[in-house]
S.K.: 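Input: one structure, supplied below.
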Amino acid sequence: MEGNGAPPPPSAAIIEHKAYARIGLLGNPSDVYYGRTISLNISNFWASVRLEPSSDLVIVPHPTHDLVKFTSLSHLTNRLENEGYYGGVRLLMATCKIFTKYCKEQGIDLHNNNFSISYETNIPRQTGLSGSSAIVCAAFSCLLDFYNVRDKIGVEIRPQLILNAEKELGIVAGLQDRVAQVYGGLVYMDFDKEKMDKYGHGNYTELDTSLLPPLYLIYAENPSDSGKVHSTVRKRWLDGDKFIISSMEEVANLALEGKTALLEKDYSKLATLMNQNFDLRRRMFGDAALGGLNIEMVEVGRRVGAATKFTGSGGAVVAFCPDGASQIELLEEACKKSGFFIQSVKVVPSLLNEIDIRTLSSKK
Ligand SMILES: Nc1ncnc2c1ncn2[C@@H]1O[C@H](COP(=O)(O)OP(=O)(O)O)[C@@H](O)[C@H]1O
Ligand SMILES: O=C(O)[C@H]1O[C@H](OP(=O)(O)O)[C@H](O)[C@@H](O)[C@@H]1O
Ligand SMILES: [Mg+2]
């Protein structure tokens, strides 16, 4: 096992990986409940992780995201109130632990050299753009290359391991973020329980990104803890709450219908499905859990006729303007007036390299 494992990489070079923000286009949050989603990876924002060989194993705190030095008590208190207690250090630590544990279980040898690992991110913090899993995903990629085991840990299982790192920290989250970030591009995901139990992963189908119409991202600086947002609904689902269970199934079906709509380029159908997706979320979670500002971001778009829904658990909204240029202009103006940021979505192409592709179960 460790100690007499594979040799370190010959160059012992610095390794750097990026993972991009993701948008849940349809079906989220049913990924947390054996449902289905369509998600895309976007290059508007990303996290990057850097791994450097070193004598000790060092998890480097980020100078601003893991702040421990303050100008005053009120600075400290404001910071905690706005951004919570945690930064990325715990994510890096959990990633290392989950990676090591999995390799041990699978009999994958790891060499004994140490490293320093640090991160950077420009993903607006805790805005439902998967900032947390981007850090984990990029760190995981660095570990795959540092230990030279990319060919031994299949692409399909990686999202689950990345999720396990957050589960380890008690963060309630689902697989859609991690699948989008591992695969890149646009992915249709089916988290059918039977398959999940049998194979340890869902069924992931890459879709042509050119099927997407122009999309817009609306967001605000308003961090919310996705784990907290999810916990009540999760508990109700586990307790067998019929309303939550059937609504979640309806949400999952939106992704199934959305796949056909995209393949047929039926964008008015896509708009209807996006709106239904948010309306179902609102009924399940309730306005208090979703937050007034988040709901207003959805409403701003709807007032100009755009289809709108959350990209994740709250903080950012994906918008589609079925009427084109004039409507986009109205949307931009309305966002500006309300103090929301708006950007046009840039889709990341597929991120799988040749080694990754060879690990897919369909290629074996
Ligand atoms: N930008 C960030 N910088 C540092 N740590 C972060 C950042 N975003 C999230 N985290 C860490 O991940 C945890 C979960 O964040 P989460 O609410 O899932 O955010 P997101 O919606 O961006 O994924 C946070 O409590 C924090 O520990
Ligand atoms: O509620 C959602 O749509 C998503 O919430 C989490 O993502 P986040 O970016 O942290 O808001 C969760 O990890 C996803 O699986 C959910 O679909
Ligand atoms: Mg998250």
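For clarity, every value in this text was computed on a predicted model and none was experimentally measured. In listed order, ligands and their atoms are each counted from 1.
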S.K.: What are the atoms of ligand 1, with element, lying closer than 4.0 Å to any heavy atom of T127?
M.R.: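 In order of numbering, the contacting atoms are 21 (O), 22 (O).
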S.K.: Is the closest heavy atom of R22 to ligand 2 under 4.0 Å?
M.R.: yes
S.K.: Please tell me whether Y34 and F191 form a close aromatic pair, meaning their ring centres lie under 6.0 Å apart.
M.R.: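 Ring centres of F191 and Y34 not closer than 6.0 Å.
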S.K.: Tabulate below the donor-acceptor pairs under 3.5 Å that side-chain atoms of residues 53-66 make, not counting sequence neighbours, or state none.
M.R.:
residue, atom, partner, partner atom, Å
S54, OG, D56, O, 2.6
S54, OG, F115, O, 3.3
S54, OG, S116, N, 3.1
S54, OG, S116, OG, 3.0
H62, ND1, T64, N, 3.0
H62, ND1, T64, OG1, 3.2
H62, ND1, H65, N, 3.1
H62, NE2, E120, OE1, 3.3
H62, NE2, E120, OE2, 2.9
D66, OD1, G88, N, 3.0
D66, OD1, V89, N, 3.3
D66, OD2, H62, N, 2.8
D66, OD2, Y119, OH, 2.6

S.K.: Between D31 and R36, does any side-chain N to carboxylate O distance fall below 4.0 Å?
M.R.: no
S.K.: If you measure every N/O of G131 against every N/O of ligand 2, is any gap under 3.5 Å?
M.R.: no
S.K.: Quick check on contacts: which atoms of ligand 2 are under 4.0 angstrom from a heavy atom of L129?
M.R.: 9 (O)
S.K.: Under 2.8 Å from the Mg ion (ligand 3), is there any N, O or S atom belonging to S132?
M.R.: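 True for S132.
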S.K.: Taking distance alone, with no angle check, do S130 and ligand 2 share an N/O pair under 3.5 Å?
M.R.: yes
S.K.: Under 4.0 Å from any heavy atom of R90, which atoms of ligand 1 are there?
M.R.: 13 (C), 24 (C), 25 (O), 27 (O)
S.K.: Please could you name the atoms of ligand 2 that G174 approaches to less than 4.0 Å, counting only its heavy atoms?
M.R.: 12 (C), 13 (O), 14 (C), 15 (O)
S.K.: Tell me whether ligand 2 is touched by R178 - counting only heavy atoms on the residue side and a distance under 4.0 Å.
M.R.: yes
S.K.: If the contact criterion is a heavy-atom separation under 4.0 Å, does Y119 count as touching ligand 1?
M.R.: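 In this structure, Y119 qualifies as a contact of ligand 1 - some heavy atom is under 4.0 Å.
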S.K.: Examine the proximity of ligand 2 to T37 and report which part, side chain or backbone, both or neither, has a heavy atom under 4.0 Å away.
M.R.: neither
S.K.: What atoms of ligand 1 come closer than 4.0 angstrom to any heavy atom of G128?
M.R.: 21 (O)
S.K.: Going by an N to O cut-off under 4.0 Å, is there a salt bridge joining K18 and E16?
M.R.: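 Salt bridge flag = no for E16 with K18.
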S.K.: Please determine, by modelled atom types, if D145 and H17 share a side-chain donor-acceptor pair under 3.5 angstrom.
M.R.: yes
S.K.: Closer than 4.0 Å to some heavy atom of G87 - which atoms of ligand 1 meet that?
M.R.: 4 (C), 5 (N), 11 (C), 26 (C), 27 (O)
S.K.: Between R283 and D279 (salt bridge meaning N to carboxylate O under 4.0 Å), is one present in this structure?
M.R.: no
S.K.: Please identify which atoms of ligand 1 are closer than 4.0 Å to at least one heavy atom of G88.
M.R.: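 Those atoms are 4 (C), 5 (N).
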S.K.: Sequence neighbours left out, what passes side-chain contact (heavy atoms from CB on, under 4.5 Å) with L80? Give chain and number order.
M.R.: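 L80: side-chain contact (heavy atoms from CB on, under 4.5 Å) contacts with L76, Y85.
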S.K.: Would you say G84 contacts ligand 1, with heavy atoms under 4.0 Å as the rule?
M.R.: no
S.K.: Answer yes if the side chains of E168 and N164 hold a donor-acceptor pair under 3.5 Å, and no otherwise.
M.R.: no
S.K.: Decide whether an N or O pair under 3.5 Å exists between V32 and ligand 2.
M.R.: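 No, there is no polar N/O contact under 3.5 Å.
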S.K.: Using distance alone, with no hydrogens and no angle criterion, decide if S338 and E296 have a side-chain donor and acceptor under 3.5 Å apart.
M.R.: no
S.K.: At under 4.0 Å between heavy atoms, is it the side chain or the backbone of S132 that contacts ligand 1, or both, or neither?
M.R.: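 Both of them.
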S.K.: Evaluate the side-chain proximity of R90 to L169: yes if any heavy-atom separation is below 4.5 Å, no if none is.
M.R.: yes
S.K.: Mark the output for Q126 as yes if a heavy-atom distance to ligand 2 is under 4.0 Å, and as no if none is.
M.R.: no
S.K.: Could you tell me whether the side chains of R22 and S130 share a donor-acceptor contact shorter than 3.5 Å?
M.R.: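 There is such a pair between these side chains.
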S.K.: Where does Q126 meet ligand 1, judged by heavy-atom distances below 4.0 Å: at the side chain, the backbone, both, or neither?
M.R.: both
S.K.: So for ligand 2, is N28 a polar contact partner (N or O within less than 3.5 Å, distance only)?
M.R.: yes
S.K.: Could you check, using the six-membered ring where one of them is a Trp, whether Y216 and F320 have ring centers closer than 6.0 angstrom?
M.R.: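 No; F320 has its ring centre 6.0 Å or more from that of Y216.
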S.K.: Within ligand 2, which atoms have a heavy atom of G128 less than 4.0 Å away?
M.R.: 8 (P), 9 (O), 11 (O)
S.K.: Hey, would you say the F310 and F278 ring centroids sit under 6.0 Å apart?
M.R.: yes
